[in-house]
Amino acid sequence: MTVVTTDVAVGVDALRRGELVAFPTETVYGLGADASRPEAVARIFAVKGRPPGHPLIVHLATGDQVAHWARLDHETERRVGLLAERFWPGPLTIVVPRSPRAASATVGGRATIGLRVPDHPVALELLRGFGGGVAAPSANRFGRVSPTLASHVVDDLGGLVDVVIDGGPTRVGIESTIVELVGSEPVLLRPGAIGRGELGEVLGVPVLDGRGGESRAPGMLASHYAPHASVELVTAEDAPAAVAAAVAARPTITVGAIAPLDLSHQPSWRLPARADGYAAGLYRALREADRMGVDLLLIAPPTEGPMVAAVVDRLTKAAAPRR
Ligand code: TXA
Ligand code: MG
């Protein structure tokens with residue numbers, strides 16, 4: 001049975017019993033378990049249907065706990081300190097060499113670990129109350145888009161998780177930026193609300209663009225960011241004509257659209273032109289399109305603001321050919 005609650009203490013108790021607790025962060029909802037208990041972590045993989053070997057991010061209440069999970073040389077410790085000071089709590093995951101105390105199952109058998117202090121009052125209350133590290137992937141079934149509402153978690157995992165803490169819609173709406181501090185040069189593994197340029201400024205060295213390196217961050221398959229509908233990208237300018245053409249060409253299917261403008265077409269979702277506002281509504285729109293049985297989804301990206309690159313990354317993956 002799944003308990004849906006706003007009472008964080010219920011989640012803290014469940015984590016202590018080794019149970020699964022879905023909780024809001026500023027990015028998306030996470031599916032948490034005690035990161036130091038292999039059997040609790042194994043349940044995350046089981047209920048998500050996630051293949052083993054996909055490492056989990058460990059969430060911490062404060063940056064002071066990094067030393068427990070990581071094994072850092074002097075320079076990496078300095079770099080983590082700079083990033084933590086500027087961006088934590090916040091939508092940034094830092095991948096570093098792990099200490100032997102991190103359970104192998106948590107990190108998918110890797111020599112590294114992803115760490116993050118989330119910027120959400122409920123997540124921080126949960127992490128402080130629990131005290132330890134909480135391993136948490138996004139709280140969706142494997143292959144579905146990440147949840148940005150508690151009801152998305154219940155749709156995907158209701159009956160399979162012990163507790164869902166409802167903290168309302170998540171603010172950022174797409175997953176955290178991931179930066180790897182393992183070799184001599186920092187590498188961006190996943191773009192997010194914190195940009196590559198910002199990271200480089202704070203570190204004082206350029207951050208390489210490591211996207212496409214599937215083996216570096218396994219589990220970043222295109223299908224993770226895709227609805228069931230097939231997706232085609234269009235520009236905002238072309239969107240009205242593209243929708244009309246798709247409807248005319250394929251009258252037997254349901255054509256939907258997501259765009260930063262009103263398309264006067266049903267079903268369609270109008271999202272803000274600014275990428276931060278667009279990101280906040282995107283996954284909800286993708287899930288609604290699926291629920292309405294949309295077969296073909298035409299999507300026009302946002303046009304303004306620093307998060308355009310991160311949103312276009314997710315949309316490009318959603319539109320990529322499926323396996
Ligand atoms: O915003 C977020 O990051 C959300 C919230 C819940 O914190 N979490 C999230 O987790 O998106 P997940 O598991 O859905 O995606 C984490 C990504 C995976 O692609 C995984 O491969 C990568 O992070 N990752 C985690 N640990 C890693 C490591 N040690 N080395 C390389 N990649 C890692
Ligand atoms: Mg995920």
Side-chain angles (χ1 to χ4, degrees), residues 20-33 35 41 44-45 47-60 69-71 87-99 102-120 122-124 126-127 133-148 152-153 156-157 165 167 170-183 186-194 210-226 279 283 310 313-314 317:
L20 298 186
V21 177
F23 62 97
T25 78
E26 79 279 37
T27 58
V28 300
Y29 275 74
L31 176 60
V41 169
I44 293 180
F45 286 87
V47 307
K48 278 197 65 144
R50 178 165 168 134
H54 286 194
L56 305 178
I57 295 169
V58 174
H59 297 70
L60 307 174
W69 299 96
R71 177 175 273 179
F87 297 115
W88 279 355
L92 177 68
T93 297
I94 306 177
V95 172
V96 287
R98 75 174 169 96
S99 86
S104 174
T106 303
V107 296
R110 305 200 140 217
T112 58
I113 188 166
L115 299 169
R116 164 164 127 81
V117 179
D119 184 18
H120 191 289
V122 169
L124 289 171
L126 181 75
L127 291 164
V134 173
S138 52
N140 50 281
R141 271 186 160 285
F142 184 70
R144 295 213 65 193
V145 298
S146 297
T148 56
H152 296 162
V153 179
D156 275 17
L157 302 173
I165 306 178
T170 61
R171 174 172 58 82
V172 175
I174 61 172
E175 304 80 358
S176 61
T177 301
I178 304 180
V179 65
E180 181 192 76
L181 300 181
V182 173
V187 182
L188 182 81
L189 298 184
R190 182 171 71 184
I194 295 168
R211 280 180 288 158
E214 175 63 33
S215 65
R216 294 188 94 127
M220 249 172 270
L221 305 173
S223 61
H224 282 149
Y225 303 101
Y283 287 168
D313 169 80
R314 302 308 191 277
K317 290 193 165 99

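Values in this document were obtained by computation on a predicted structure and should not be read as measured data. Start at 1 and go down the list; that is how both ligands and their atoms are numbered.
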Original post:
So which of Asn140, Thr106, Val95, Ile57 gets nearest to atom 16 (C) of ligand 1, if we judge by its closest heavy atom?
Top reply: Ile57

Original post:
Which atoms from ligand 1 have a heavy atom of Gly114 less than 4.0 Å away?
Top reply: 26 (N), 29 (N)

**OP:** Any atoms of ligand 1 less than 4.0 Å from a non-hydrogen atom of Ile178? List them with their elements.
**Re:** 17 (C), 22 (C), 23 (O)

**OP:** State whether the side chain of Thr106 and the backbone N or O of Ala35 hold a donor-acceptor pair below 3.5 Å, judged by distance alone.
**Re:** yes

Subject >> Contact summary for Ala139 and Ala22, nearest pair of heavy atoms >> reply: CB-CB, 4.3 Å

Original post:
What atoms of ligand 1 come closer than 4.0 angstrom to any heavy atom of Pro137?
Top reply: 10 (O), 12 (P), 13 (O)

Original post:
Does any donor atom in the side chain of Thr93 or Ser176 lie under 3.5 Å from an acceptor atom in the other side chain?
Top reply: yes

Original post:
For ligand 1, which part of His120 has a heavy atom less than 4.0 Å away: the side chain, the backbone, both, or neither?
Top reply: neither

Original post:
Does the Arg98 side chain pair with the main chain of Arg110, one donor and one acceptor, at a distance under 3.5 Å?
Top reply: yes

Original post:
With respect to atom 7 (O) of ligand 1, which of Arg50, Arg110, His59 exhibits the smallest heavy-atom separation?
Top reply: His59

Original post:
Which atoms of ligand 1 sit under 4.0 Å from any heavy atom of Gly30?
Top reply: 6 (C)

Subject >> Any donor-acceptor N/O pair, Tyr29 side chain to Gly167 backbone, under 3.5 Å >> reply: yes

Original post:
Would you say Glu175 and ligand 1 have an N/O pair spaced under 3.5 Å apart?
Top reply: no

Original post:
Which atom names give the shortest non-hydrogen contact between Arg141 and Asp156, and what distance separates them?
Top reply: N-OD2, 3.0 Å

Original post:
Between Arg190 and Asp313, is a salt bridge (charged side-chain N to carboxylate O under 4.0 Å, His left out) present by the stated rule, with each step listed?
Top reply: CA-CA 9 Å; Arg190 182 171 71 184; Asp313 169 80; over 6 Å; no

Original post:
Heavy-atom contact under 4.0 Å between Glu180 and ligand 1?
Top reply: no

Original post:
Got a donor-acceptor contact below 3.5 angstrom from the Lys48 side chain to the Leu157 backbone?
Top reply: no

Subject >> Arg190, any N or O under 3.5 Å of ligand 1 N or O >> reply: yes

Original post:
With a cut-off of 4.0 Å, which atoms of ligand 1 are near a heavy atom of Ile113?
Top reply: 29 (N)

**OP:** Work out whether the distance between some heavy atom of Val107 and some atom of ligand 1 is less than 4.0 Å.
**Re:** no

Original post:
So is Thr25 polar-close to ligand 1, meaning N/O to N/O under 3.5 Å?
Top reply: no

Original post:
Lys48 to ligand 1: N or O pair under 3.5 Å?
Top reply: no

Original post:
Stepwise, does the side chain to side chain contact (heavy atoms under 4.5 Å, CB included) test hold for Thr25 with Thr170?
Top reply: CA-CA 7 Å; Thr25 78; Thr170 61; 5.5 Å; no

Subject >> Side-chain touch Ile194/Pro91, heavy atoms, less than 4.5 angstrom >> reply: yes

**OP:** Check the pair Arg116 / Glu175 against salt bridge (charged side-chain N to carboxylate O under 4.0 Å, His left out), numbers first and verdict last.
**Re:** CA-CA 12 Å; Arg116 164 164 127 81; Glu175 304 80 358; over 6 Å; no

Subject >> Ser146 near the Mg ion (ligand 2) via N/O/S, less than 2.8 Å >> reply: no

Original post:
How many angstroms lie between atom CZ of Phe45 and atom CG of Leu56, to the nearest 0.5 angstrom?
Top reply: 4.0 Å

Original post:
Side chain or backbone of Arg98 under 4.0 Å from ligand 1, or both, or neither, by non-hydrogen atoms?
Top reply: neither

**OP:** Work out whether the distance between some heavy atom of His54 and some atom of ligand 1 is less than 4.0 Å.
**Re:** no

Subject >> Pro55, Gly192, Ala136: member with heavy atom nearest to atom 33 (C) of ligand 1 >> reply: Pro55

Original post:
Under a 4.0 Å heavy-atom limit, does Thr112 contact ligand 1 with its side chain, its backbone, both, or neither?
Top reply: both

Subject >> Atom indices of ligand 1 within 4.0 angstrom of Ser176 heavy atoms, with elements >> reply: 1 (O), 2 (C), 3 (O)

